[in-house]
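Remarks on the structure that follows.
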Amino acid sequence: MSGKATLEYDGKKIELDAAIGSENEVGLDITKLRANTGMITLDPGYGNTGSCTSDITFIDGEKGILRYRGYAIEELAEKSSFMETAYLILYGHLPSQKELNDFDSGVAAEAGLHYSMKSHFDGFPDNAPPMAILSSMLNTLACYNTELLTTATEGDGFDIPASKIISKVRTIAAWAYRTSRGRPYMPPCPNLSYSGNFLHMMFSQPFDLHEIVPEVEKAIDLFLLLHADHEQNCSTSTVRMVGSSRANLFSSVAAGVGALWGPLHGGANAAVIEMLENIHTNGIKLSDYVDAAKDKNSDTKLMGFGHRVYKSFDPRAKILKEHVDRVLKALEIDDPLLDIAKQLEEVARHDEYFIERNLYPNVDFYSGILLRAIGIPVNMFTVLFAIGRMPGWIANWREMLSHNQRICRPRQVYTGENLRPYVPIGNR
Ligand code: CMC
């Protein structure tokens, strides 16, 4: 489907094509605007800019809808697994049993790291942030797979690096954690599930295997599934941007880790726990905290609240909130931070400031409590987000290349000095 729109400026009319998506979203195509008129559009933060067309994920922020390849997130959360959903996101259809078995065993077979990579881990100081280690080690992985540094989007040239990265990102994450604790590396156990193997590599000790609690394994799997893609967010756009220069998959996803690290994006899951701990330990009144978050002169924000796209609710937050309650009950954990989070949500949801601006809890508001309950240290929270988001980054990188997209190179409106003569240093 397509349509037309007319733009008028300075007495001149320009006809623009409208691209209409399968859910009737309309995007005015301005790709010829500068060539035909000399003008560009201005949209800092890209709130109104569609950077691509995509078949992967659909979000309706007004209605709180999220679908991967047409499947509702609620249904996937209930019936699917992270591995099956990763396949769906990467290849566009739900796998047959054979396709899933092959994908699963391909990923499982790639869990180990080249032994020489140990020396890279040894080079990081004990307090190195795991997100920095993860990003560096994804680039380091490129050094051990130079034959895969291509931009192939089909066949082994794509399938092998994709399953290597999806598998090894979890080993790197677990080894980053162990490095920070001064613990020996734990080799992967191929009989375990994707999430179970991650827990094993994080927490097992030589001669003392970590007991994988089914509720915990399921919770990790659900967390990863809920984070698996989210269309053109900051980190995914970064992966596409880097990949548009025809950079290989390893360096493109390593750049995505950097973008995800920030507290306005993936880093919010850790920032929420820090906020709740601060409120708890210092006995801060919730109404005082909310007042500070509304004060434009303070640096305080209600972390885990608000979203660029969701303006009614974040469906991932709804699923996680229910799950947190169940996991805490199953593990017999009574976390005071959960009560504070629920009360804080109540205060904010009845406050005019948050109502007027459509600010609701996002995925990060409850995910941190879940991860904390299952023993994941706070500085690993965003690393888990990165593990979950990997299928989405890879699928977007592939889609961008298969659309043969031009290099991403935004324009700007220059607002600096006009031409002026150079002043010799003695005359300044
Ligand atoms: N606390 C207080 N005020 C807020 C908050 C918040 N968490 N979020 C937005 N606002 C205000 C903002 O100050 C602005 O007010 P005004 O209109 O008076 O200037 C208004 O709401 C609109 O916000 P915005 O800054 O234009 O929204 P944005 O789309 O640029 O930013 C956001 C979205 C998620 C970065 C922002 O809501 C935020 O900083 N939230 C806290 C951090 C967070 O939880 N991030 C995780 C996002 S979800 C997962 C992910 O992407 O990784």
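Order of appearance sets the numbers: ligands from 1, and atoms from 1 within every ligand.
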* Do you see a protein non-hydrogen atom under 4.0 Å from atom 47 (C) of ligand 1? -> yes

* Heavy-atom protein contact below 4.0 Å for atom 13 (O) of ligand 1 -> yes

* Under-4.0 Å protein heavy-atom contact, atom 27 (O) of ligand 1 -> no

* Asked: Measuring to protein heavy atoms, does anything land under 4.0 Å from atom 24 (P) of ligand 1?
  -> no

* **Atoms of ligand 1 close to F385 [distance to a heavy atom under 4.0 angstrom, numbered from 1]** => 52 (O)

* Taking atom 10 (N) of ligand 1 as the reference point, report whether a protein heavy atom occurs under 4.0 Å from it. => yes

* If you have a sec, work out which protein heavy atom is nearest atom 45 (N) of ligand 1 and how many Å separate them, to one decimal? => L264 O, 3.0 Å

* Show which atoms of ligand 1 fall inside a sub-4.0 Å distance from at least one heavy-atom site of R308. => 28 (P), 29 (O), 30 (O), 33 (C)

* **Sub-3.5 Å N/O-N/O distance, N362 and ligand 1** => yes

* Protein contact of atom 20 (C) of ligand 1 - nearest heavy atom, named by residue and atom, plus distance -> R357 CD, 3.6 Å

* Asked: Would R170 count as a cation-pi partner of Y194, with NZ or CZ less than 6.0 Å from the six-membered ring centre and within 45° of the ring normal?
  -> yes

* G304: numbered ligand 1 atoms lying under 4.0 Å from its heavy atoms -> 43 (C), 44 (O)

* Is the shortest N/O to N/O distance between V363 and ligand 1 below 3.5 Å? -> no

* Under 4.0 Å from atom 41 (C) of ligand 1, is there any protein heavy atom? -> yes

* **Y360 ring center near Y310 ring center (under 6.0 Å)** => no

* **Atoms in ligand 1 flagged as close to A293, the criterion being non-hydrogen separation under 4.0 Å** => 2 (C)

* Are side-chain heavy atoms of D29 and L16 found at a separation under 4.5 Å? -> no

* Check whether any side-chain heavy atom of L66 sits under 4.5 Å from a side-chain heavy atom of L226, and report yes or no. => no

* Structure fact -> atom 49 (C) of ligand 1: closest protein heavy atom, distance to 0.1 Å, is D364 OD2, 3.1 Å

* Using a strict cut-off of less than 4.0 Å between a Lys/Arg side-chain nitrogen and an Asp/Glu carboxylate oxygen, indicate whether K294 and D351 qualify as a salt bridge. => yes

